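Written below as structure tokens is the structure these notes are about.
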Number of protein chains: 2
Amino acid sequence: MTDDALRLHAGRYAYNVYEDKCPTRQVLERLADKWALLILDRLETGPQRFNGLKREIKQITQKVLTQTLRKLERDGLVTRTVYATKPVTVEYALTALGATLTETVAALAHWAEQNMDAVAAAQAAYDAQEARQAELQKRVHRL
Amino acid sequence: MTDDALRLHAGRYAYNVYEDKCPTRQVLERLADKWALLILDRLETGPQRFNGLKREIKQITQKVLTQTLRKLERDGLVTRTVYATKPVTVEYALTALGATLTETVAALAHWAEQNMDAVAAAQAAYDAQEARQAELQKRVHRL
DNA sequence: CGGCATCCATCCTGATACTG
DNA sequence: CAGTATCAGGATGGATGCCG
């Protein structure tokens, strides 16, 4: 068995995100970002201009939007096209590679919307339980 | 049209992650985390002990693992069960709610493994292009 | 084993000002 | 319009030591 075959057998792929030295870690790190996910999700419906994205993704700053777009561009997930209008127009769009991600990204980004009520209930229960424990601690301390 | 109906019509759901004040943002923020994704993915195959997770998710520290597990527990995605062995055994497992996420999480976590080569190629092309631009800048500067 | 508490470095973010 | 540059400070992460 070759080395590659071994790794393919053991880890399903030649790469393994569970390994810290694996380059996939850096890629996952970039995808596992609130803003990157929202941008990719927003581009699913078609190309968008810089300020269009900034307007729709509430609370993102110009700096962070630029940074995130650059990273996505470097990883080959989005393209950046400059039109020589006056003033310039810049359009961002998904690449074919980026498009392979959108379904997954959309699922994750919108899971929160669909399950918000359940999450909120869980949080309330957790916090109530924590408060009860804290109360117990105080009583024990008094003894 | 009621307020809710309006929002359902405009945003597909009553919640909208694109809004900064929406509670779904915080949930997405917690999911959009490298470690949270790896933990959820790891739990898909069944309950895991604390140190088991720590061992398999390479490079995660005890502190971060604890923090992340607490957040996931608070959001109702994982359960924490303590067994009164000596010393104690703590087992983490997915809740039903958490289980609804694993397919999506797995897709995202492993997308990197499957597309690493394409991403690496894109990065190389991007970096080469950048280097060329920098070279041009130096020449312009000399004039 | 499965944590918590503390300290410290640093990375990231927000705010602001300027440009082609 | 679509950025770049800079700087202060707040959150975050690692290292370490202790505990039931």
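All figures in this text were calculated on a predicted structure; none of them were measured in a lab.
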Inset, instruction - Please test Tyr83(A) against Arg49(A) for side chain to side chain contact (heavy atoms under 4.5 Å, CB included), starting from the C-alpha separation and ending with a verdict. - result: CA-CA 11 Å; Tyr83(A) 297 100; Arg49(A) 308 242 317 252; over 6 Å; no

Inset, instruction - Apply the test side chain to side chain contact (heavy atoms under 4.5 Å, CB included) to residues Asp41(A) and Leu108(A): give CA-CA distance (whole Å), side-chain angles for both, the deciding distance (0.1 Å), then the verdict. - result: CA-CA 10 Å; Asp41(A) 184 55; Leu108(A) 192 66; over 6 Å; no

Inset, instruction - Calculate, to the nearest 0.5 Å, the distance between atoms CG and CD belonging to Leu94(A) and Glu44(A) respectively. - result: 7.5 Å

Legend entry - Sole candidate of Glu73(B), Arg80(B), Arg42(B), Gln48(B) that passes side chain to side chain donor-acceptor pair (under 3.5 Å) when paired with Tyr92(B): Arg80(B)

Inset, instruction - With a 4.0 angstrom cut-off to heavy atoms of chain A, pull out the first and last contacting nucleotide of DNA chain D, in 5'-to-3' order. - result: dC1(D) to dC7(D)

Inset, instruction - Using a strict 4.0 Å threshold on nitrogen-to-oxygen distance, state whether Glu19(A) and Arg25(A) make a salt bridge. - result: no

Inset, instruction - May I have the distance from Lys71(A) (atom NZ) to dC12(C) (atom C1'), rounded to whole angstrom? - result: 9 Å

Legend entry - Residues from residues 50-68 of chain B lying under 4.0 Å of DNA chain C - heavy atoms: Phe50(B), Asn51(B), Gln62(B), Lys63(B), Thr66(B)

Legend entry - Angle between terminal axes - the helix from dC1(C)-dG20(D) to dG20(C)-dC1(D), 5 pairs each end, rounded to 10°: 60°

Legend entry - Positive for side-chain contact (heavy atoms from CB on, under 4.5 Å) with Leu72(B), one of Val78(B), Leu43(B), Asp33(B): Val78(B)

Inset, instruction - Applying side chain to side chain contact (heavy atoms under 4.5 Å, CB included), run through Asp75(A) and Tyr126(B) and close with a yes or a no. - result: CA-CA 8 Å; Asp75(A) 285 349; Tyr126(B) 184 93; over 6 Å; no

Legend entry - Residue pairs passing the side-chain hydrogen bond (donor to acceptor under 3.5 Å, both in side chains) test where at least one lies in residues 94-105 of chain A, sequence neighbours excluded: Thr100(A)-Trp111(B)

Inset, instruction - Please work out if Tyr92(A) contacts a base, only the sugar-phosphate, or nothing of the nucleic acid, heavy-atom cut-off 4.0 Å. - result: sugar-phosphate

Legend entry - Of residues 19-36 of chain A, the positions that come close to DNA chain C - non-hydrogen atoms, cut-off under 4.0 Å: none

Inset, instruction - Apply salt bridge (charged side-chain N to carboxylate O under 4.0 Å, His left out) to Lys34(B) and list each qualifying residue two or more places apart in sequence or on a separate chain. - result: Glu29(A)

Inset, instruction - Before accepting this row, confirm whether a basic side-chain N of the pair Asp127(B)/Arg74(A) lies closer than 4.0 Å to the acidic partner's carboxylate O. - result: yes

Legend entry - Over 12 foreign heavy atoms within 6.0 Å of CZ, Arg55(B): no

Legend entry - Short side-chain to backbone donor-acceptor contact, Thr89(A) and Thr85(A), under 3.5 Å: no

Legend entry - Any side-chain heavy-atom pair of Ile57(B) and Trp35(B) under 4.5 Å: yes

